[in-house]
Amino acid sequence: MARNSSSRSKKSGLSPGSLVHVGRRKVDRPRITLIDYDGEHFLEKEVESVDECFPFNLTSTVTWINVDGVHDPEVIEKLGKAFGLHPLILEDIMSTAQRPKLDDLETSFYVVARMVELSGRGTEIVTEQLSLIFGKNFVLTFQEEPGDMFDPVRERIRNGKGRIRKLGPDYLAYALLDAVVDHYFVVLENLGDRIETLEEELVKNPRQETLHRIHALKREMLMFRKAVWPLREVVAGIAREETPVIQASTNIFLRDVYDHVIQVIDNVETYRDMLAGMLETYLSSISNRMNEVMKILTIISTIFIPLTFIVGVYGMNFKFMPEIEWRFGYFLVWGVIIVVGVSLIRFFKRKKWF
Amino acid sequence: MARNSSSRSKKSGLSPGSLVHVGRRKVDRPRITLIDYDGEHFLEKEVESVDECFPFNLTSTVTWINVDGVHDPEVIEKLGKAFGLHPLILEDIMSTAQRPKLDDLETSFYVVARMVELSGRGTEIVTEQLSLIFGKNFVLTFQEEPGDMFDPVRERIRNGKGRIRKLGPDYLAYALLDAVVDHYFVVLENLGDRIETLEEELVKNPRQETLHRIHALKREMLMFRKAVWPLREVVAGIAREETPVIQASTNIFLRDVYDHVIQVIDNVETYRDMLAGMLETYLSSISNRMNEVMKILTIISTIFIPLTFIVGVYGMNFKFMPEIEWRFGYFLVWGVIIVVGVSLIRFFKRKKWF
Amino acid sequence: MARNSSSRSKKSGLSPGSLVHVGRRKVDRPRITLIDYDGEHFLEKEVESVDECFPFNLTSTVTWINVDGVHDPEVIEKLGKAFGLHPLILEDIMSTAQRPKLDDLETSFYVVARMVELSGRGTEIVTEQLSLIFGKNFVLTFQEEPGDMFDPVRERIRNGKGRIRKLGPDYLAYALLDAVVDHYFVVLENLGDRIETLEEELVKNPRQETLHRIHALKREMLMFRKAVWPLREVVAGIAREETPVIQASTNIFLRDVYDHVIQVIDNVETYRDMLAGMLETYLSSISNRMNEVMKILTIISTIFIPLTFIVGVYGMNFKFMPEIEWRFGYFLVWGVIIVVGVSLIRFFKRKKWF
Amino acid sequence: MARNSSSRSKKSGLSPGSLVHVGRRKVDRPRITLIDYDGEHFLEKEVESVDECFPFNLTSTVTWINVDGVHDPEVIEKLGKAFGLHPLILEDIMSTAQRPKLDDLETSFYVVARMVELSGRGTEIVTEQLSLIFGKNFVLTFQEEPGDMFDPVRERIRNGKGRIRKLGPDYLAYALLDAVVDHYFVVLENLGDRIETLEEELVKNPRQETLHRIHALKREMLMFRKAVWPLREVVAGIAREETPVIQASTNIFLRDVYDHVIQVIDNVETYRDMLAGMLETYLSSISNRMNEVMKILTIISTIFIPLTFIVGVYGMNFKFMPEIEWRFGYFLVWGVIIVVGVSLIRFFKRKKWF
Amino acid sequence: MARNSSSRSKKSGLSPGSLVHVGRRKVDRPRITLIDYDGEHFLEKEVESVDECFPFNLTSTVTWINVDGVHDPEVIEKLGKAFGLHPLILEDIMSTAQRPKLDDLETSFYVVARMVELSGRGTEIVTEQLSLIFGKNFVLTFQEEPGDMFDPVRERIRNGKGRIRKLGPDYLAYALLDAVVDHYFVVLENLGDRIETLEEELVKNPRQETLHRIHALKREMLMFRKAVWPLREVVAGIAREETPVIQASTNIFLRDVYDHVIQVIDNVETYRDMLAGMLETYLSSISNRMNEVMKILTIISTIFIPLTFIVGVYGMNFKFMPEIEWRFGYFLVWGVIIVVGVSLIRFFKRKKWF
C-alpha cells in the first residue's frame, strides 16, 4: 500500500494526461493478445506490434485486445489513439493504484476493477489492476502482468458454446467482470480457512504471535475490502446506464454480478466482526492468564510466608525462651504449621482457586 | 459460513447460468409436492416426475409446487423451462448461500429468503435458503431439505377457512413469507432465553467458558441478523412494485410482514447491545477478581514480611547482642510483633480491604 | 423484553389477522369508557357492552372510546367491525410488543405509541402499548391496563376550557400523543437524577455493584430509546399526511410534539454518552486501585526483603565468621539496616509513591 | 442539563400553549429595550410597559424589541398578541431548554439559538436560550438574562455605519445570529487552551484528577456540540426559504454564517477526537506505571529471595554440616551470593529493565 | 489548530465583511505576480502595485494574478473592487482557518482549498489556505506565504506545451487544484513511511515514547483528513455547475481530480485503521510484558519461598529436634530441597512458562 501510493508521488507536478507508469514494473515488455469473433468465425493470435490490431477495429465483429504489462507509454498511446481514448484514461491505465471506478466515455465505458489473488504460499493477498474498456464492437483489457482468471472465458469463446459468441462486447465485458468477482470467492474461502485456523489456535494456545497474525489478517481484509467495496457502485452504475452499447438482455447478468459483489462484501463484513471478536478473546485470555499466574503466586506466598515467620520465631537466640526447652516444642510447632497450612489451603478451596 | 462460501469457489470460471449445486447436499433426491386450488376445488399430491406438474400451469387455479432438495440440475432445469425462468435464476436457486433478495422477472417475482431454525438441542442456529417464485397463477418454492414451517399454511388451504382459498398466488406468497418471519420470533425467544441464562451465569460465576459462550451467541446473532436484515428491503420492494401480479388488497398484509421484520431487527439490535454490555461486565469482573487476588497477597505479605525480618534479627549469632541476654527479651519481641501486626491490620481495615 | 418477544412466538403459524393476545394479561376484563363531545354538549360514561358505543359513531360529535385491557378478542372484534378496521389492525392492537408506527387506513389513522412509566419505587421503567385510531369523528384508544396520563386531557374536555372542545378528533389525537410525550420528561428527569446519584457514588466509592447499576441504567435507557425513537417518524408522518381527517390548524401542534420528541431523544443520547463516560471512569478507577495495592506491596517487600537477607547472613552458623566476634558487629548491622531502609524510603519518595 | 429537563416535567399534563416558565429564573422583572431605525432616523429607549412598543409595529421602520427575562407570562402574552404569535411559540419562548430550531410562521420566522458563554472563572460553559422572531418590519429577541454579545450590533446601528441601517429586519436577524456564532469562537478558543493545558499535564504528571478533568471537558464539549449542531440546519433552513421577508441579498450573509457554524462543528469534532486520544494515553500511562512498579518488585524479590534461601541453609543447626567447619566456608558463601546476585542483575540488564 | 481558532475570536463583534487578518502573519508585504496568456502571447511579471493588474482584466486573454500574503486589507480590497468580489469573500480570503468550500458568485467561482506541506525535517504537516477565484477571463489565487506547488503549472504555461495555453481560466483553475491534490500524495507517502517505521519499532521495542508518536501521527492524520475531506464535495460541486465559465471539456479533468481526492481519502482511512490497530498492539504488548514480569516473579518466589521455609525449620533452636542429631540429616534436607525445586520447575515447564 504505502509502496504504491508513494511511487504515485513521482507524478506530482506533471501535466495531466502525462503517461508515466505508477507501480512496480512486473514484466519486461507488454504482451498483446487478440481475440476476434462473432457467431460464425473466431480468430485468436498473439500480436507483435500494436498496429496489427487496427484492422479489426473496423469490422463489426467483437474484438478483444488484452495487454499484459502497462509500463510502456508507447503501446498504451498507440492503442489509445486507435480507439479514441482520452489521455486521462491512458494515464489511469498506467497508474496501477486506482480504485475501482466507472467512467462513461460516451461511445464506450472505462471500468477499473482489482483482481485479487493469493500470492506464493497462499498466505498473502495481492491485488492487480484491471482496466477494461468496452465499446460498440471492441473490448480492451489491460493487466499489470500475465496470468489471469480469464482462461475459462477464453475457452468458452473458443468452443463457441453458450451464448457468449452470439452476444456483443457488453456481454464479454460482463463475463470478464464476472470472472474477476468469481475469483473473489476463492480468496474469501482462503481467508475463511485462515480465520478458522486462527480461532483454534486462539482457544488452544494464544501467543503474542497469534495477535500479530490476527492483525495481519485484519489488514488483508481491509485491503480486500478496499478492492471490492467500490466495485459494487461500478456494477450498479453500468446497469443504470442507458446506452446503445449495453443491450437490455445484459442487464440481468449485471444484476447477477452485483448480487455476487454484495455477497462478497457481506462475507468480508462478517469476517471483520469475527476478527474483532477474536481480538477481544485474545486480550481477555491474556488477562485470564495473568490472573492464573497471580493466583499461583498468591497461594504459595500466602501459605509459606506465615509459616516461615513461625519457624523464624524459634530460630531466635534469646537466652530465655520457654518453648525451646519443652519436650515436645518442636512437634508442637509442626502441629501449628500443619494447622495453618491446611486452613489456608481450605480458604483457597472455598474461593474456588483450585 | 466459511463452509458455504468456500464451496462457492468451485463454480469459479464456469459460464453464467451453469447449474452447479453450491452447499451441503442434504437429501437423496428432490421431493416434489403439488397443491392446486381455487375457491371451489382443492388438490394435493406428491409428484414423481416434474412433467406431472405441467398441466396445472395452464389452468387459472393457483398452483403451488414445492421442491425439497436443490442439488439436481435436471429437475430445476425442467421446472425452469416450464415456467420460463432465466438460467441465472435457476443458478441462484441451486446456490444456497444467497442473501435475501428480490428479482423482478416482469411476469413473476423471484424472492430469496432464509428460513432460520434451531438445530438439535436448540443451541445452534441453522439457516436454509428458501427460493420463492410467484407469478399470475403459480407459486414455486425451493428448499434445501424437507421439513419447514409451512404446515399451518397448508392446513389453512386444505380447510378452506380464512381468505387464502379466495385470493391469488400473491397472497399465498405473502402467507409463506409471513410463516418464515413468524418463525423468526421462535428463534428470537430462544436467543433471549440464552442471553438471560448467560447473564445469570455472568453475575454468579463468570469463567473463561462464559466468554466463549458470549462470543458464540454474538456470532449466531450476527448470522441471524445477516439472514433477516436484507429481508426488510425485499418485503418493502414487493410492496412498492406496481404490477398486475400483486393485488392492492395484499399490500396491507405485506406492510404487516414488513412491521414484523423491523420488529425482529429491532430485537436483534437490542440483543447485540446487551451482549456488548455483557462483554464489558465480564472483562471488568476479571479485573475485579485480579484486584481481589492482589489484595490477599498484599495483606499477607505486608503483615508477615516485616515480622519475619524482626525475628530474623534475633536469629543472628553475634557474640555481643544485649537484648538476647535480657530476661524478658523474648516476650518483648512478641510484644513488638503483635503491635506491628495489629497496626497493619488496622491500616488495611481503614483502607476497607476487608 | 425477552418475555414479550417470547410470548409472541405462540402466534407462529396462525393465519394473519388471528386475534391472539400477546403480552402479559394485566386486567380481568376490559374496561371501556366513552366520552362524547362537541362545542356545546358533553357526555362521559363507562359502558358495559361494546354495543352501547355504536350509536355515537353515527353522530357528528367527537367520540372517544378508551379500552383498558386488550386480551379479549370479542371486544376488539366488535369494535373493529363497528369502526371498519382491518383484521390486521386488530391483531396489532392485541400484540403488545409493537414498535411505534403509523398506518394510514385511508379514512382513519392507526398510531402505535408506547407510554413509559416508572414502576413501584421509581427504579425501573415499564412501557405499555397505546393503540390510537382516529378518523372523521372518533378516536379509539387501547391500553394494556387502567391508569394513564390522560386525566388532564379528560379534565380539559370536561371543563370545556381551551380549544379542545371546539376542535375535532385530530386535535384530540394530538392532545393524547402530547400527554404521552410530556410524560417522557418525567421519566427523563428520573433517569437524570439516578445518573447524578451514580456519578457521586462513582467518585466516592466505586464498587462492583456500581458497575451493575450503570449497566442496568444503560439497559433502561436502551428500552426508553426504543420506545421514543420511532415515535419521531410517526409524528412527522402524521404531519406530512394530506387528508381531510387532519385540519391544517393541527399541524403546528404536531410540529410542537415533534420538537418535544426530538428533545427527549437528544437528552437520551446525552445520557448514553454520560453513561459510557462513567463506565470508562469505573474501569480506570479499578486500575488505579490495583496500582495502589501494588505500590503498597512493592514498598513493603522492597524494603524488608533485602533487610531480611542481611539479618539472615548473620544467622549462619559458620565456625569462622569474623564479624560475629566484633564488639560492635551487632550495632554495625543495625546501622547498615537503617541506611538501606532509609535510602529505599527516599527512593520511593522521589518516585512520588507516598 | 438534568436540572433543566427535570423542571420541564412540571408542565406535564398542562394544555398546549400554557405559558409556564421552564428553567431557572434569572432576573427579577423582564427588562425591555426598543430600537427603531431606518436609513434616516434612529431611536433607542428602555420601555416600562409592553404597550409602549405597539405604535412602532405599525410604522415601516425596522423595530427591534429585546426582552431580558422570560419568566413573566403577562409580558410574553401581550407581545405575542401584538405581533400575532401562536400560543405554542410563546410557550417555546418560556421553555428555556429548547434545542435550536426554525419555525416558519408564514409572515415571520421563529428561530431558537443558544448563546454559549464562559461562566465566572472561565472554567465552565453555560448556555442561554435566545428566541428570535423576525417579520416584515420587526425583530423580537428574548433572552433569559441581561448581558449579551449584541452590543457591537447595537453600536453599528447607532453609528449608522456599514449597511445595517440600509437593510431590513432580515439583515438584523442575520447580524444577531452572526454575533452569536462569532462568540462560539471565543468559547472554542477557551476549550482549545484547556485541552492544551491538560495535554501537558498528561505528559508530565497524569493523576486520577486528570482523568476527571478530561471527562469534565468531554461533557462540556458535548453540551457545546448540542448547542451548535442543530444551528447548522437552522441557518441552512433560513437560507432555503423563499419568502418576501428575506431579501435575496441577505442570502450570501446567511451562507457565511453557515460556513462559520460548520467550522465550529469541525473544531468541536477535532477536539472530541483529541480528548478520546487523551483518554487512551491516560489509561496506557496507568498500565505503564503499574509495569514500572511490578518491575521494581520483581527485581528486588528475584535477587534477594534466592540469596535469603542460601543464607538460610547455613542457618540450620544440624550437628553434622561439613561446610560449617570449613576455614573459608563463610567467604565461599559470600562468593556464591555475589555470583548469583551479579548474574541476576545482568539478566535484568539484558532484558532492558534498567 | 487551537492557535488558529483562537485568533479567530478577535473578530468577534465586528461587522460582517470587516477585513481583519486571522492567522499567523507570514510575510512582510504581499508579493503579487501576474501571468497573462492566450494561445499566441505570454506575459509574466511581478507587480509593485495592485493597479498595474487592472488593464489585464479588460482583455480577453487569461489573466492569473497570484498574491502571496493575505494580511494587508488594502491590497485585498483593491483587487476585490477590481474583480467585483463581495466583501464577505474578501473577509474569507483573509481568514486563514477556512474549511475547503465552493462559493458560486454567479459570474465567477470562489474555491477554498488547503495546501498541505511537510515542515522542516519532514516530521510535521502544515497546511496553508489557498483561495482561488476564477471567472470568464481571470484566475486569482491568494496564498499565505510564498513558495507553492504551482511551479510546474507556471512552467507549462511558459513553454506553451500541452493544452494549457489553448484553454481558458477554468482549465487553469483545474490545473492548480490538480497540483494541490498531486502534492497530497507526497504527504501521504511521508505518512506511510512513518507508519512503517513506527510499526517496526512497535514490534522490536515498544516504549511509552512509541505511544506518543502513534498519537502524534494520528493527530496529523486528523488534520490532513480535515484538509482533504471537504475538497471532495468542492470538486464534485464544480463539476456539477452548469455555467458558461466552465467548458464541457474541462469536466473530464475535474472528474480526474475528484478520483484523486477520493484515492487520498481512501488511503487516509486505511492509515487511520492501521494506526488504530497499532494502538491495540501497543496496549496488548504492555499487557504481555507485564505478564512476562509476573511470570519471572512467580517462578522465583514459588520455588524459593517453600525452600526457605524448609531451611527455616532446621534453623529453629529447640532443645529436642531428632533430625538435627541424625548423621545424614543435612544431606537429607538437601535431598528434599532438590526434589521440591525440581518438581516446581517441572510444573512450570508443563505450564509452558519457559
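Protein chains get the first letters and strands the later ones, always in sequence-line order, with residue 1 at the start of each. Below, all heavy atoms of this structure are taken into account, side chains as well, without hydrogens, waters or symmetry copies.
Relative orientation of the D:His86 and C:Phe253 rings is perpendicular, given thresholds of 30° and 60° on the angle between their planes.
Highest contact tally toward chain C, considering only D:Arg225, D:Arg219, D:Met316, D:Met321, is held by D:Arg219 [criterion: heavy-atom pairs under 4.5 Å]. No other option in C:Arg156, C:Met278, C:Lys319 has as many heavy-atom pairs under 4.5 Å with chain D as C:Arg156. The choice from C:Thr308, C:Thr281, C:Ile310 that makes the most heavy-atom pairs within less than 4.5 Å of chain D is C:Thr281. Ranked by non-hydrogen atom pairs under 4.5 Å with chain C, the options D:Leu222, D:Ile324, D:Leu297, D:Ile300 are led by D:Ile324. Ranked by heavy-atom pairs under 4.5 Å with chain C, the list D:Ile89, D:Asn317, D:Leu105, D:Leu307 is led by D:Leu307. Counting heavy-atom pairs closer than 4.5 Å to chain D, the top-ranked of the candidates C:Asp273, C:Asp151, C:Val181, C:Asp178 is C:Asp273. Ranked by heavy-atom pairs under 4.5 Å with chain C, the list D:Leu283, D:Asp103, D:Asp92 is led by D:Asp103. When each of D:Lys101, D:Arg289, D:Met290 is checked for heavy-atom pairs under 4.5 Å with chain C, D:Met290 comes out on top. In terms of heavy-atom pairs under 4.5 angstrom with chain D, the leader among C:Val187, C:Val257, C:Val264, C:Ile252 is C:Ile252. The most heavy-atom pairs under 4.5 Å with chain D, out of C:Arg255, C:Glu269, C:Met149, come from C:Arg255.
Atom CZ of D:Arg99 sits about 9.0 Å away from atom CD of C:Gln263, to the nearest 0.5 Å. Rounding to the nearest 0.5 angstrom, the gap separating the CH2 atom in D:Trp326 from the CZ atom in C:Phe320 is 16.0 Å.
Heavy atoms of D:Pro87 lying under 4.5 Å from chain C belong exclusively to its side chain. Neither the backbone nor the side chain of D:Asn291 comes within less than 4.5 Å of any heavy atom in chain C. Heavy atoms closer than 4.5 Å to chain C are found nowhere in D:Phe309, neither backbone nor side chain. C:Tyr174 touches chain D through its side chain: at least one heavy atom from C-beta onward sits under 4.5 Å away, while N, CA, C and O do not. Neither the backbone nor the side chain of C:Val311 has a heavy atom closer than 4.5 Å to any heavy atom of chain D. Only the side chain of D:Leu211 comes within contact range of chain C, judged by heavy atoms closer than 4.5 Å. Residue contact with chain D, scored on non-hydrogen atoms closer than 4.5 Å, involves the backbone and the side chain of C:Met294 alike. Neither the backbone nor the side chain of C:Phe150 comes within less than 4.5 Å of any heavy atom in chain D. Contacts between C:Phe347 and chain D at a heavy-atom distance below 4.5 Å involve the side chain alone, from C-beta outward. D:Ile337 touches chain C through its side chain: at least one heavy atom from C-beta onward sits under 4.5 Å away, while N, CA, C and O do not. Neither the backbone nor the side chain of D:Val313 comes within less than 4.5 Å of any heavy atom of chain C. With a threshold of 4.5 angstrom between heavy atoms, D:Tyr282 approaches chain C through side-chain atoms but not through N, CA, C or O.
Residues D:Ser301 and C:Ile305 share a closest heavy-atom pair of OG-CD1, 3.9 Å. Residue C:Ser284 comes nearest to D:Ile286 through the heavy atom pair O-CD1, 4.3 Å, listed as atom of the first residue, atom of the second, then distance. The two residues C:Phe318 and D:Glu323 have their closest heavy-atom pair at CE2-O, 3.5 Å.
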Inset, instruction - Please step through side chain to side chain contact (heavy atoms under 4.5 Å, CB included) for the pair C:Glu199 and D:His215, ending with a clear verdict. - result: CA-CA 12 Å; C:Glu199 264 187 329; D:His215 271 123; over 6 Å; no
Inset, instruction - Begin with the C-alpha distance, continue with both residues' side-chain angles, and end with the deciding distance and a verdict on side chain to side chain contact (heavy atoms under 4.5 Å, CB included) for D:Glu91 and C:Asp256. - result: CA-CA 10 Å; D:Glu91 190 188 351; C:Asp256 195 54; 4.3 Å; yes
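Side chains of C:Lys351 and D:Ile296 form a contact here, defined as non-hydrogen atoms less than 4.5 Å apart.
Checking side-chain atoms of D:Gln98 against main-chain N and O of C:Asp259 turns up no donor-acceptor pair under 3.5 Å.
Residue-environment remark: CD (D:Glu106) stays at or below the threshold of 12 foreign heavy atoms within 6.0 Å.
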